[in-house]
Amino acid sequence: MATKVTKKHILNCQFSNWYSLFRTLSPKARVIKPIPASILRYLNEDGIYIKDVSNTIEDLTDEEDGNGEEQEDIHVSSYYPDKPTIQLIDRIISELDGAVVPKLNWSSPKDALWMMPTGTMKCTSAEDVLLLLKSSDFIAHDLDYAFDDCIEEDAQEADLTNQKFPSEFSHELILKEWFPIHSSTEFRCFIKGKNLVAICQRDDNYYDFLEDDMKEFLPLLQDLASKLSEFPDPNFVFDAYVQKNRAWLIDINPFCARTDGLLFAWTELYAMDSEAEGPEIRLIPKGSMPSSGSANFYTNRVPFDLIAASQGENILEFAEKMQSLASESAR
Ligand code: ATP
Ligand code: MG
C-alpha cells in the first residue's frame, strides 16, 4: 500500500504544470511564475503591515490624553510588496473581469475566508489578494513544506531529496478568474492506474437532487477524466465543477493522504482495484448534519497569543507589541 509520494508527483500537480496541459478544460487563469520576489518576501515576513500609517502610537495617545508633551515617534511598519507588483496584480484582475481567486502552486487560501468582508475568496484588488494569501496556513504550507515527507523514485530524483526545494522549482502565483460556483455540483474524482475509480461530492451538505442528477453528471465526469490521460502520473485526484452539461477541471491534486479523501478513507482508496469497472460514487446521505453555519478551518484562525496580546489596545499599540514579541522570539 503506497502511502508515500514522490517529489516528481508533487511537481506534476503544480497548477502551472497541469494547466499548461489542460488549459481548454479549465476556467481562465493567469500564472505568474516565478512569483514576484516582493510578494515572496511579504509572505515570509513576520509582523503587521498597516496601510498609510500617518499617526504614531504617541500621536494617538496624546490625542486621547490631551497632553501635548513631545515624545519620540514610534513608527509601525512591516514589509509590503512594491508598487509595480501591486499594479501587475491589479492589471490582471481587471483583465479577468474584475475578480479573481488566488492560489500558489497547489493551495488556495480557503482557510482564511474569515479575513474577507465577503467571507469568500473573491478578490477584487491586489490588497485583497495579498491579505488573503498572508492570512492562510495552507499558503504557508506551499511556501515551506510542500516537499516534506516525499520519497525519491529513482537515482534522478536523488538530488531533489537532499534540498528543501528541487532545483527546477519556483513558487508561482495563480490568479483564477472568479465565477459564481454552486458547491453542490463540485466533485472530487480519484484516478488510479489511469482509471476513474471513485467520485464524491466536495461539499459536505446533503442535496436531494444530486442522486438523480448524478446519472447525467457521471458521463460528463468520465469524459473529463478521459481527456486527462496525458497527465504524467497514473494516479492523481482531480476536482471538477459541473455546470450546464459541462464538467470543468478545477484542480489536480496528489494521489496521497495530503489530499483530503473527503468521503473516502485513504486506506480504501489505496486498496481499490485500479481495473474496477465504473467508479464508486459517494454522496452525502440524507439526514446528515448540514455543515452550513459551522466554521470551517476554525483552527487556522488567529492564534490565542495574538488575541491575548491585543487586549485593550489600539491597532498601532498592538502592532508595535507584536513586532517586539516577534523580534524577541527571533533572538
Ligand atoms: P483543496 O485543498 O481541497 O485541493 P485547493 O486549495 O486546491 O483545495 P481549489 O480546489 O482551487 O483550492 O479551490 C477551492 C474552492 O474554491 C473550490 O472548491 C471552489 O468552491 C472555489 N473556487 C475555486 N476556483 C474558483 C473560481 N475560479 N471562482 C470561484 N470559486 C472558485
Ligand atoms: Mg487542490
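First listed ligand is number 1; within each ligand, the first listed atom is number 1.
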Looking only at atom types and distance, does a side-chain atom of [X] sit under 3.5 Å from a main-chain N or O of [Y], one as donor and one as acceptor?
X	Y	result
W106	I10	yes
D137	D111	no
R30	L173	no
K28	K176	no

Please report which non-hydrogen protein atom sits nearest to [atom], along with the residue it belongs to and the distance in Å to one decimal place.
atom	answer
atom 31 (C) of ligand 1	I181 CD1, 3.6 Å
atom 19 (C) of ligand 1	E186 OE1, 3.2 Å
atom 24 (N) of ligand 1	K176 NZ, 3.0 Å
atom 1 (P) of ligand 1	K110 NZ, 3.3 Å
atom 5 (P) of ligand 1	S108 OG, 3.5 Å
atom 27 (N) of ligand 1	E177 O, 2.8 Å
atom 11 (O) of ligand 1	K103 NZ, 2.7 Å
atom 16 (O) of ligand 1	M121 CE, 3.1 Å

Work out whether the distance between some heavy atom of [X] and some atom of ligand 1 is less than 4.0 Å.
X	answer
S107	yes
D260	no
Y241	no
K122	no

Can you sort out which atoms of ligand 1 are near [X], meaning under 4.0 Å from one of its heavy atoms?
X	value
N253	4 (O)
W178	28 (N), 29 (C)
R188	1 (P), 3 (O), 4 (O)

### Message
Among the N, O or S atoms of D251, which one sits nearest to the Mg ion (ligand 2)?
### Response
OD2
Under 4.5 Å between any side-chain heavy atoms of [X] and [Y], yes or no?
X	Y	answer
I86	D90	yes
F255	D233	no
C200	F190	yes

### Task
Give the ring-plane orientation class for H141 versus Y145, where under 30° counts as parallel, over 60° as perpendicular and anything between as tilted.
tilted
### Query
When the ring planes of F169 and F147 are compared, do they come out parallel, tilted or perpendicular, using 30° and 60° as the limits?
perpendicular
### Query
Does D208 come within less than 4.0 Å of K286, counting only side-chain N to carboxylate O?
no
### Query
Under 4.0 Å from ligand 1, counting heavy atoms only, is it the side chain of R258, its backbone, both or neither?
neither
### Query
Heavy-atom contacts under 4.0 Å between W106 and ligand 1: side chain, backbone, both, or neither?
backbone
### Query
What do you reckon, does V101 have a nitrogen or oxygen under 3.5 Å from a nitrogen or oxygen of ligand 1?
no
### Query
Hey, are D142 and N105 close enough side-chain-wise for a donor-acceptor pair under 3.5 Å?
no
### Query
Is N253 close enough that one of its N/O/S atoms sits under 2.8 Å from the Mg ion (ligand 2)?
yes
### Task
Between F187, F238, F179, flag the one that comes closest to atom 28 (N) of ligand 1 by a heavy atom.
F179
### F165 and H171 aromatic centres sub-6.0 Å
yes
### Query
Would K227 count as a cation-pi partner of F22, with NZ or CZ less than 6.0 Å from the six-membered ring centre and within 45° of the ring normal?
no
